[in-house]
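Quick note on labels: first sequence line is chain A, next is B, and so on, each numbered from 1.
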2 protein chains.
Amino acid sequence: MQIATPYLMFLGDVPDALAAKTAYGIKDWRPEWCIGQMRLPGCKADLGIPDLTLPEALAKGCRTLVVGVVNAGGVLPDHWVKEIVAAIEAGFDVASGLHVRLGAVPAIAEAAAKRGSKLHDVRHSSETFPTGKGTRRPGRRLLTVGTDCSVGKKYTTLALEKGMRDRGLDADFRATGQTGVFISGRGVAIDAVVADFISGAVETISPAAAPHHWDLIEGQGSLFHPSFAGVSLGLLHGAQPDAFVVCHEPTRTTMRGVAHPLPTIRQVIDLTAQLGALTNPDIRPVGIAVNTQALAEGEARALLEALSAEHGLPATDPVRFGVETLVDRIVADFAEA
Amino acid sequence: MQIATPYLMFLGDVPDALAAKTAYGIKDWRPEWCIGQMRLPGCKADLGIPDLTLPEALAKGCRTLVVGVVNAGGVLPDHWVKEIVAAIEAGFDVASGLHVRLGAVPAIAEAAAKRGSKLHDVRHSSETFPTGKGTRRPGRRLLTVGTDCSVGKKYTTLALEKGMRDRGLDADFRATGQTGVFISGRGVAIDAVVADFISGAVETISPAAAPHHWDLIEGQGSLFHPSFAGVSLGLLHGAQPDAFVVCHEPTRTTMRGVAHPLPTIRQVIDLTAQLGALTNPDIRPVGIAVNTQALAEGEARALLEALSAEHGLPATDPVRFGVETLVDRIVADFAEA
């Protein structure tokens, strides 16, 4: 999936900012691609960028209308369909994170066919992939893994891309989730791939590269999550990472959506290294990323110091304290490899 | 997916028996459902059951035309479509293991819509599942796992169903692959499910049951296979088995389709127990099933004895020597649980 940039961000008339979470994520990480927003009367989300009409957005170079919002009830409302069709007729591609496929709405499908526009459903996978081969391929790879879902893997991976590029390293973020696909304009929502092709899809989005190039692969789920561990394992095997960063949220008491307790960071390090060795025997941890939002700064620093000492790894909150220490470790560990 | 039985087996004009492998599997395990076969001129496969016309099959009670063959090139040939449409018009449902979806062929889709017939594509999943919850549910469960793909997991599971039922135990085969779905008339081809729902789909096909009821769940792939380990792990977590049997093929030198070496039976036992404990801390191995087809009988017996001694578990070739020792162990281990 390759989405043409820049974007006009469609927010519809969502009732709050949370319903536009994906759109906010895109705007945070790719402000240069988010030229303008299109809001309908009553919209309660605001990305803080210019409100543009379709002709204005086209004049500013926008190529794709991005539907980075969730709609209630799973049915695309008629007044959204009308705007999407108008955008297609004006010459836009459309990329959507909705559960419903754009092409399943006849008016949208017809308009796109007539105009030759591309419809991207990032939550679905229409691409077919080969099955994974597990063969080592050149280039370096880092994967973010987690003690749970939604513990900052995407944020950490994107922050590492920025931090490593700032340090002059050749590094590319590789998206495996829908927001990540919008942010990078490419990738695959790995949880939407047919089960047989999980590792093959990851091999496809992170192909052989130059020996010192880094692919920074966005992790998903957790090897300890009873709902999603299969996805996490296929992702680990397909990524065959040389390095991994463990992401953690310290206040959570059960794993997201289920009654299971959280694993320890030590358990995640050990199991990731154990299982990852199947496709990369040289796999090693290079750091810990903690979302300390719920802690006071002193508490946060104390926790990170304790984790760093316990595991012999740099530990940071990428949002609060940056990723410098992680990049230092990566540079040191892979200086001559 | 619930397929109406009995079946009329459609073999088309396949060039050899291998192309009808699925049909042979169904006939071996459910001869009572395979009332007749329908072959076109030039067909080189023969299930050894009566050749029936559509009216003859209907008169004998057949409900579903089963397309248990593979076609070359991925396109359904016109002369097959013609026969399938005729079957629908005569009142049959159609169940297919083809890569192409029946409903993607306009003539078939139209005929089915007109007649109200069901089209089952066992290689595809149109069902939606909840995500897995990982909560313990009543009833007992056994999962077959493997050192590799295609090492006899389906056969072993079906043989256990028969052996346990013969012993008076309440046991049901639960299909997770396409041939298994045909054989049991229900189930899900788990490798065709969207990645996020692997464990949830398994929870769905093996729901809460009476305390002494056994679900015998067909395994897929291997935790050590770099292409499919994610599927195997999701299946393990969703199955939350109390017991597992390790299936093995002793002459294989690399894992199917890839360059990776085979794990040892010990490695498979240990990793299955380790990872399975996430959703069932009481998980334990109850036996080893070896496909000894390539070995002379003396060699086969010696190998099984050695494996049994090494692992402290019954070891058998279910095809050659039956599953009595496995059933003995299951009965002994779970006598009072």
Side-chain angles (χ1 to χ4, degrees), chain A residues 99 123-125 128-136 149 176 188-203 220-238 240 254-261 263 267 270-271 274-280, chain B residues 99 123-125 128-136 149 176 188-203 220-238 240 254-261 263 267 270-271 274-280:
Chain A
H99 278 284
R123 207 184 272 272
H124 300 277
S125 171
T128 55
F129 299 97
T131 56
K133 285 292 159 242
T135 317
R136 283 292 281 279
C149 306
T176 63
V188 172
I190 210 76
D191 56 5
V193 167
V194 165
D196 243 7
F197 304 101
I198 304 172
S199 61
V202 181
E203 292 182 2
Q220 296 292 336
S222 166
L223 290 172
F224 290 87
H225 198 296
S227 313
F228 308 118
V231 176
S232 304
L233 183 58
L235 180 44
L236 175 61
H237 285 162
Q240 54 179 239
T254 66
M255 299 200 78
R256 196 174 162 87
V258 296
H260 281 62
Q267 286 176 304
D270 289 348
L271 191 61
Q274 179 192 348
L275 299 180
L278 184 74
T279 56
N280 188 342
Chain B
H99 277 285
R123 206 184 272 272
H124 298 277
S125 170
T128 54
F129 299 97
T131 56
K133 285 292 160 243
T135 316
R136 283 292 282 277
C149 307
T176 63
V188 172
I190 210 75
D191 56 6
V193 166
V194 166
D196 242 7
F197 304 101
I198 304 171
S199 61
V202 181
E203 292 183 2
Q220 296 293 337
S222 166
L223 290 172
F224 289 88
H225 198 295
S227 312
F228 308 118
V231 176
S232 304
L233 182 59
L235 180 43
L236 174 61
H237 285 162
Q240 54 179 239
T254 65
M255 299 200 80
R256 196 173 160 86
V258 295
H260 280 62
Q267 286 177 304
D270 290 347
L271 191 61
Q274 178 192 348
L275 299 180
L278 183 74
T279 56
N280 188 342

Checklist entry - Which of the residues G230(A), G134(A), G221(A) is involved in the greatest number of heavy-atom pairs with chain B at under 4.5 angstrom? => result G230(A)
Checklist entry - Picking from P130(A), A259(A), G132(A), which has the most non-hydrogen pairs under 4.5 angstrom with chain B? => result G132(A)
Checklist entry - chain A heavy atoms under 4.5 Å from L275(B): which part of the residue, side chain, backbone, both or neither? => result side chain
Checklist entry - Which bit of Q274(B) comes within less than 4.5 Å of chain A, counting heavy atoms only: side chain, backbone, both or neither? => result side chain
Donor-acceptor pairs under 3.5 angstrom involving side-chain atoms of residues 190-198 of chain B: please list them, not counting sequence neighbours.
none

Checklist entry - What are the two closest heavy atoms between S227(A) and S199(B), and how far apart are they? => result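 Closest approach of S227(A) to S199(B): O-OG, 3.1 Å.
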Checklist outcome for this item: Nearest heavy-atom contact between P226(A) and T279(B) is CB-CG2, 3.8 Å
Item to check | Qualifying residues under side-chain contact (heavy atoms from CB on, under 4.5 Å), relative to E203(B), sequence neighbours excluded | outcome: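 E203(B) satisfies side-chain contact (heavy atoms from CB on, under 4.5 Å) with K133(B), R137(B) once adjacent residues are dropped.
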Next on the checklist: So for atom CZ, which belongs to R123(A), do other residues, nucleotides or ligands contribute more than 12 heavy atoms lying within a distance under 6.0 Å?
Outcome noted: yes
Next on the checklist: With chain A as the partner, which of T131(B), L278(B), L271(B), L223(B) has the greatest number of non-hydrogen pairs under 4.5 Å?
Outcome noted: L278(B)
